[in-house]
Participant: 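Following this message is one structure expressed as structure tokens.
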Amino acid sequence: MTWLITGGAGYIGAHVVRAMTGAGERAVVYDDLSTGIAARVPDTVPLVVGSTLDGPRLARTLAEHEVTGVVHLAAKKQVGESVDRPLEYYRDNVEGLRVLLEAVTAAGVGAFVFSSSAAVYGMPDVELVTEETPCAPMSPYGETKLAGEWLVRATGRATGLATASLRYFNVAGAAAPELADTGVYNLVPMVFERLTQDTPPRVFGDDYPTPDGTCVRDYIHVVDLADAHVATARALRGSPGLARTLNIGRGEGVSVREMIDTINAVTGYDRPPTVTPRRPGDPARVVASADRVRTELAWKARHDLHDMITSAWAGWLHHHPEAARA
Ligand code: WQD
């Protein structure tokens, strides 16, 4: 099959491109390069620079490259920004998806993998979040991902397009230093930034109802996440009408304090964090039940927290050579 990978020049998308081509699939990247980096796309993979709002461009691309499946990652993904600029998030994440699905169904593409998020769950009050846990997103970003899942599923029902929505939990790590996340929007890069600026990492609240009082999340290595896309793509192949919704996590909770301890150990900084007030909107605990993906796709994460931090740190040093200490 030939897979169009939208957002394939982004941090996660570039890993998905490598996993798919490594598994013998043909790939074409479609990315507007608003946050993506062209150099992340391998030389052997065509890069089409275009917006998901551009229907005619999408239609031409699907036809020219004889695309038979789509993995759709292109989207805006900053929760805080989505609160301030909801219209942009709905335009890019929902309208962009609608336009893409129009082109996809018109072109007779058979399979569609949608990049969703644990943000659809909001503040789940359960030990392990299953795909049946009610969705109650807390931000416009999370809303656009949930609306996107509905749109994808409804299209599959109406047209026979085989679909999967993958709900990513907290992604970290890199397959190679140059592929590392360059944004500083999540815990791991934020701690790296503080350490390398000679300031203590911050814990946003230590009075949560969790074992050490700090928030618990389910961190997953981006290489494992990318492999989950390969398993999903294979499951969708030749299965018209199939509709899957899957949590992609490890099913293991890690607290902010444990994460900062591991980062200190890996980087050799050994800098104790300072505790600041809670960040508004943070749920105490969000950990996946990974049972469904294990049973339905026979997929399981292989990399642990140490692998995530070690590879993310190598990436940080690659992108911030001034941070490498003597
Ligand atoms: C993790 C924990 C912070 C920085 C977000 C989105 C989610 C998904 C992944 C896209 C929280 C705490 C952080 C710091 C801290 N994105 N923290 N000190 O909020 O779980 O998830 O990114 O799909 O939708 O909501 O991730 O990495 O921002 O925070 O204490 O310097 O680390 O409060 O508890 P989050 P995060």
Side-chain angles (χ1 to χ4, degrees), residues 5-23 27 29 31-47 49 71 73-78 115 168-202 217 219-230 248 250 254 256 258-271 273 301-326:
I5 301 177
T6 75
Y11 160 56
I12 298 175
H15 284 88
V16 171
V17 169
R18 275 161 184 78
M20 295 288 275
T21 54
V29 168
D31 198 301
D32 69 1
L33 299 183
S34 55
T35 54
I37 302 170
R40 283 202 184 115
V41 181
D43 293 340
T44 49
V45 173
L47 166 64
V49 180
V71 182
L73 298 108
K76 289 185 159 303
K77 65 164 185 182
Q78 288 178 50
S115 157
Y168 308 164
F169 281 65
N170 291 60
V171 187
E178 60 278 13
L179 295 181
D181 193 3
T182 50
V184 188
Y185 305 115
N186 296 107
L187 176 61
V188 174
M190 285 168 79
V191 172
F192 288 162
E193 182 170 71
R194 300 278 299 181
L195 290 175
T196 54
Q197 289 176 347
D198 220 15
T199 47
R202 289 170 303 176
R217 296 287 182 274
Y219 295 89
I220 174 161
H221 199 299
V222 68
V223 166
D224 284 327
L225 175 67
D227 285 343
H229 289 73
V230 174
I248 310 294
R250 285 189 311 141
V254 175
V256 171
E258 286 167 339
M259 185 58 118
I260 293 176
D261 286 350
T262 311
I263 294 174
N264 265 318
V266 166
T267 60
Y269 270 86
D270 206 15
R271 182 128 203 188
R302 290 177 297 128
H303 296 282
D304 63 10
L305 200 61
H306 194 266
D307 297 339
M308 289 178 227
I309 306 305
T310 311
S311 61
W313 179 236
W316 181 273
L317 293 178
H318 175 83
H319 290 291
H320 304 84
E322 74 290 350
R325 297 189 308 174

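Because only heavy atoms are used, hydrogens play no part in the values below, and waters and symmetry mates are left out as well, while side chains stay in. Being a predicted model, the structure only gives us computed values, none of them experimental.
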Participant: If I compare all heavy atoms of A27 with all of I5, which pair ends up nearest, and what's the gap?
Facilitator: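 Nearest heavy atoms, A27 then I5: CB-CD1, 4.0 Å.
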Participant: Could you pull out all residues at least two apart from R202 that satisfy side-chain contact (heavy atoms from CB on, under 4.5 Å)?
Facilitator: M190, R194, F204, T274, T276
Participant: In this structure, which one of T196, I260, I263 forms a side-chain contact (heavy atoms from CB on, under 4.5 Å) with Y269?
Facilitator: T196
Participant: Using only atom types and a distance under 3.5 Å, with no angle test, would you say the side chain of D31 pairs donor to acceptor with the backbone of A9?
Facilitator: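 Yes, because the side chain of D31 sits within donor-acceptor range (under 3.5 Å) of the backbone of A9.
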Participant: Tell me, please, which residues at least two apart from D307 pass side-chain contact (heavy atoms from CB on, under 4.5 Å).
Facilitator: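 So D307 forms a side-chain contact (heavy atoms from CB on, under 4.5 Å) with H221, H303, D304.
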Participant: Could you give the distance from CZ (F192) to CG (L317), rounded to the nearest 0.5 Å?
Facilitator: 8.0 Å
Participant: Under the 3.5 angstrom rule, does the side chain of R250 hit a backbone N or O of Y219 as a donor-acceptor pair?
Facilitator: yes
Participant: Could you list the residues that satisfy ring pair (Phe, Tyr, Trp, His ring centres under 6.0 Å) with Y168, not counting sequence neighbours?
Facilitator: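 Y168: ring pair (Phe, Tyr, Trp, His ring centres under 6.0 Å) contacts with H229.
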Participant: Mind checking what makes side-chain contact (heavy atoms from CB on, under 4.5 Å) contact with S34, not counting sequence neighbours?
Facilitator: D32
Participant: Assign the ring pair W316 / H320 to parallel, tilted or perpendicular, where the plane angle (0 to 90°) is split at 30° and 60°.
Facilitator: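 Answer is parallel, since the angle falls under 30°.
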Participant: Nearest heavy-atom pair of G10 and R40: which atoms, and what distance?
Facilitator: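 The answer is C-NH1, 3.3 Å.
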Participant: Do you know the tightest heavy-atom contact between Y11 and V222?
Facilitator: OH-CB, 3.6 Å
Participant: Roughly how far apart are I309 CD1 and T267 OG1, rounded to 0.5 Å?
Facilitator: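 So the CD1 of I309 and the OG1 of T267 are separated by 9.5 Å.
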Participant: Please list, chain by chain and in numerical order, all residues satisfying ring pair (Phe, Tyr, Trp, His ring centres under 6.0 Å) with H306, sequence neighbours excluded.
Facilitator: none
Participant: Show me the donor-acceptor pairs within less than 3.5 Å that the side chains of residues 176-189 make with the rest of the protein, sequence neighbours left out.
Facilitator:
| from | atom 1 | to | atom 2 | distance (Å) |
| --- | --- | --- | --- | --- |
| D181 | OD1 | G183 | N | 3.2 |
| Y185 | OH | Q78 | NE2 | 3.4 |

Participant: Has R271 got a side-chain atom pairing as donor or acceptor with D198's backbone, closer than 3.5 angstrom?
Facilitator: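 The answer is yes, because a donor-acceptor pair under 3.5 Å joins these two groups.
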Participant: Less than 4.5 Å apart, any side-chain heavy atom of T199 and any of E193?
Facilitator: no
Participant: With the side chain counted from C-beta on, respond yes when V71 and V17 share a heavy-atom pair under 4.5 Å apart, and no when they do not.
Facilitator: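 Contact flag for V71/V17 side chains = no.
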Participant: Would you please name every residue forming a side-chain contact (heavy atoms from CB on, under 4.5 Å) with A265, sequence neighbours left out?
Facilitator: none
Participant: Determine the minimum heavy-atom distance between A23 and V230, stating which atoms define it.
Facilitator: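 Heavy-atom minimum between the residues: CB-CG1, 3.7 Å.
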Participant: Who are the salt bridge (charged side-chain N to carboxylate O under 4.0 Å, His left out) partners of D227, not counting sequence neighbours?
Facilitator: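 Salt bridge (charged side-chain N to carboxylate O under 4.0 Å, His left out) list for D227, sorted by chain: R302.
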Participant: Walk me through whether L73 and V16 qualify under side-chain contact (heavy atoms from CB on, under 4.5 Å).
Facilitator: CA-CA 9 Å; L73 298 108; V16 171; 4.2 Å; yes
Participant: Would you compute the distance between atom NZ of K77 and atom OG1 of T35 and round it to the nearest 0.5 angstrom?
Facilitator: 7.5 Å
Participant: Write down the atom of T6, the atom of A74, and the distance for their closest heavy-atom approach.
Facilitator: OG1-N, 3.1 Å
Participant: To the nearest 0.5 Å, how far apart are CZ in R217 and CD in E258?
Facilitator: 13.0 Å
